[in-house]
Amino acid sequence: EYSHGAKSMFLGIKELQWDPFWCRESLITEETLPSIGPSLRKFGKTFGFVPLPDGIPIMAMMTEEGALMAGTGGTGYGQALLNLTQQGHVFIHTGKTPLIPTDRFANTLVLPFAEQSVYATSNPLSLPVSMAGLIPSDPSFVDQEKSLHKGQDQVLIIPHSESRDDWEEPFRTNWIRGLTDSTHTEDIRRAYFQAFACQVKWVLDRVEQDYAIRCKEFFLHGSLSLHSHFIQFLSDILQDPLIRLTYQDECLVGCAALVGQWMNFFSEKVAVSKLVKMDRSFIPQLDPISSFAIYNTWKNYRDGVVDLA
């Protein structure tokens, strides 16, 4: 299936065929690789997989990212899915032309939305996983913390990735500025959320600069999307409205929407709208000058870290 094959180095992302050059370089014959095709087709039948009986047709296969984008409505050019887990990804629909990522951490995805393949870029956020324990699951806790809109005059978290040469696997580091004996846990939490929002904007700005794609609609997914105060701050930093959907298993919804469309259960235009409901939209409340000041402070420190590294 294309979107799984795209995760390997053997698929020609434009031709959507196994790349003869990389097969030769890896001493692999194309005959030993499986046939490649779209997400919605007959792949085979179940066999020897307990508890499913043998002989059930397998009619669809897709990656989690593709199912997520389908399950949140991010099926059109320029639409973005912000996967707000404690690590985070930004998925951006890039249309019918595959884009070669400029960031070594980014990937090109093949999306299962139509007979003619469309693509997306996947951009991971580099944030300290070790701080995940500082983020309670209670969605109301952020409202009780110091305001995220305050100036960044205390603690700043600067995510950064680097590699020593072109062949070395890049690695992530995180710089923390402003730690003192009087720093409290809420200062770290505030810095974490500020860094999260600022890095989302940094990724979107880079995509717009590199590919001339200006995202026009943002959908939210993940546990951090339940933190309304944080989402409002994110909307203020991006200066764009954000759409939070009623919380459910978006992967399952995406699979159901795509298969239902393929089986003519409903049309492409109403597939997701029949299954997904909007919970709330967030409109920027901070003026653009104040928003830029917060983001630019973070970005200036990030650029300084990159220069030091």
Side-chain angles (χ1 to χ4, degrees), residues 69 72 74 78-94 99 101-103 105-107 120-128 131 135 142 147-161 172 174-177 189-222 224-225 227-244 281-307:
M69 293 194 73
T72 53
Q79 292 179 322
L81 168 63
L82 306 182
N83 189 22
L84 304 178
T85 58
Q86 289 165 342
Q87 190 61 29
H89 274 77
V90 178
F91 303 109
I92 301 172
H93 194 299
T94 60
L99 302 178
T102 57
D103 186 339
F105 281 109
N107 293 300
T121 176
S122 168
N123 305 271
L125 304 179
S126 177
L127 287 162
M131 290 187 179
I135 312 302
V142 178
S147 171
L148 294 173
H149 295 78
K150 285 188 175 182
Q152 297 166 311
D153 55 349
Q154 296 184 20
V155 181
L156 281 176
I157 296 176
I158 311 296
H160 177 54
S161 59
R172 294 186 175 101
N174 288 278
W175 296 58
I176 301 181
R177 170 196 174 271
R189 289 174 179 166
R190 185 181 71 162
Y192 179 92
F193 279 101
Q194 286 180 331
F196 206 123
C198 290
Q199 195 178 15
V200 170
K201 178 172 175 57
W202 183 83
V203 167
L204 294 172
D205 286 351
R206 188 187 63 209
V207 169
E208 182 174 1
Q209 177 182 348
D210 291 349
Y211 309 124
I213 296 177
R214 177 73 169 90
C215 293
K216 58 184 180 181
E217 200 166 20
F218 297 88
F219 297 94
L220 306 177
H221 169 77
L224 294 183
S225 67
H227 297 279
S228 297
H229 192 63
F230 166 60
I231 299 304
Q232 183 59 60
F233 176 72
L234 178 59
S235 176
D236 290 341
I237 291 297
L238 298 182
Q239 288 293 293
D240 279 302
L242 305 177
I243 300 172
R244 182 171 69 192
S281 62
F282 295 82
I283 307 298
Q285 297 178 359
L286 191 65
D287 65 274
I289 294 177
S290 300
S291 172
F292 177 78
I294 294 175
Y295 172 70
N296 203 46
T297 299
W298 178 89
K299 184 177 181 298
N300 285 340
Y301 277 107
R302 184 200 175 277
D303 293 342
V305 167
V306 172
D307 292 340

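Just so you know, these numbers use all the heavy atoms, side chains as well, and skip hydrogens, waters and symmetry mates. Worth saying up front: this structure is predicted, and the values here are computed from it rather than measured.
Looking only at distances, no side-chain donor or acceptor of Q232 sits under 3.5 Å from a matching main-chain atom of H227. With hydrogens and angles disregarded, a donor-acceptor distance shorter than 3.5 Å links the side chain of S291 to the backbone of D236. Side-chain atoms of T297 come within 3.5 Å of backbone atoms of A293 as a donor-acceptor pair (strictly under, hydrogens ignored).
Proximity of F233 to Q194: side-chain heavy atoms (C-beta onward) are separated by under 4.5 Å at one or more points. For the pair V90 and V207, the minimum side-chain heavy-atom distance is 4.5 Å or more. Between T121 and I213, the closest side-chain pair of non-hydrogen atoms is not below 4.5 Å. With a 4.5 Å cut-off on side-chain heavy atoms, C215 and D240 do not count as touching.
In terms of heavy-atom proximity, V200 sits nearest to L125 at CG2-CD1, 3.7 Å. Contact between S235 and P284 at its shortest, heavy atoms only, is OG-N, 3.2 Å. Looking at every heavy atom in both residues, L81 comes nearest to L220 through CD1-C, 4.3 Å.
Ring to ring, H89 and F91 are close: their centroids are under 6.0 angstrom apart.
Atom CD1 of I283 has more than 12 neighbouring heavy atoms from other residues, nucleotides or ligands inside a 6.0 Å radius.
Expressed to the nearest 0.5 Å, how far CZ of F196 lies from CD1 of I237 amounts to 13.5 Å. From R190, atom CZ reaches atom CZ of F230 across 14.5 Å, with rounding to the nearest 0.5 Å. One distance of note links CZ of R244 with NE2 of H221; it measures 14.0 Å at 0.5 Å rounding. Atom CZ of residue R206 and atom CG of residue N123 lie 5.5 Å apart, to the nearest 0.5 angstrom. Taken from CD1 in I243 to OG in S225, the straight-line distance is 13.0 Å, to the nearest 0.5 Å. Distance CZ/R302 to CD/Q199: 7.5 Å, rounded to 0.5 Å.
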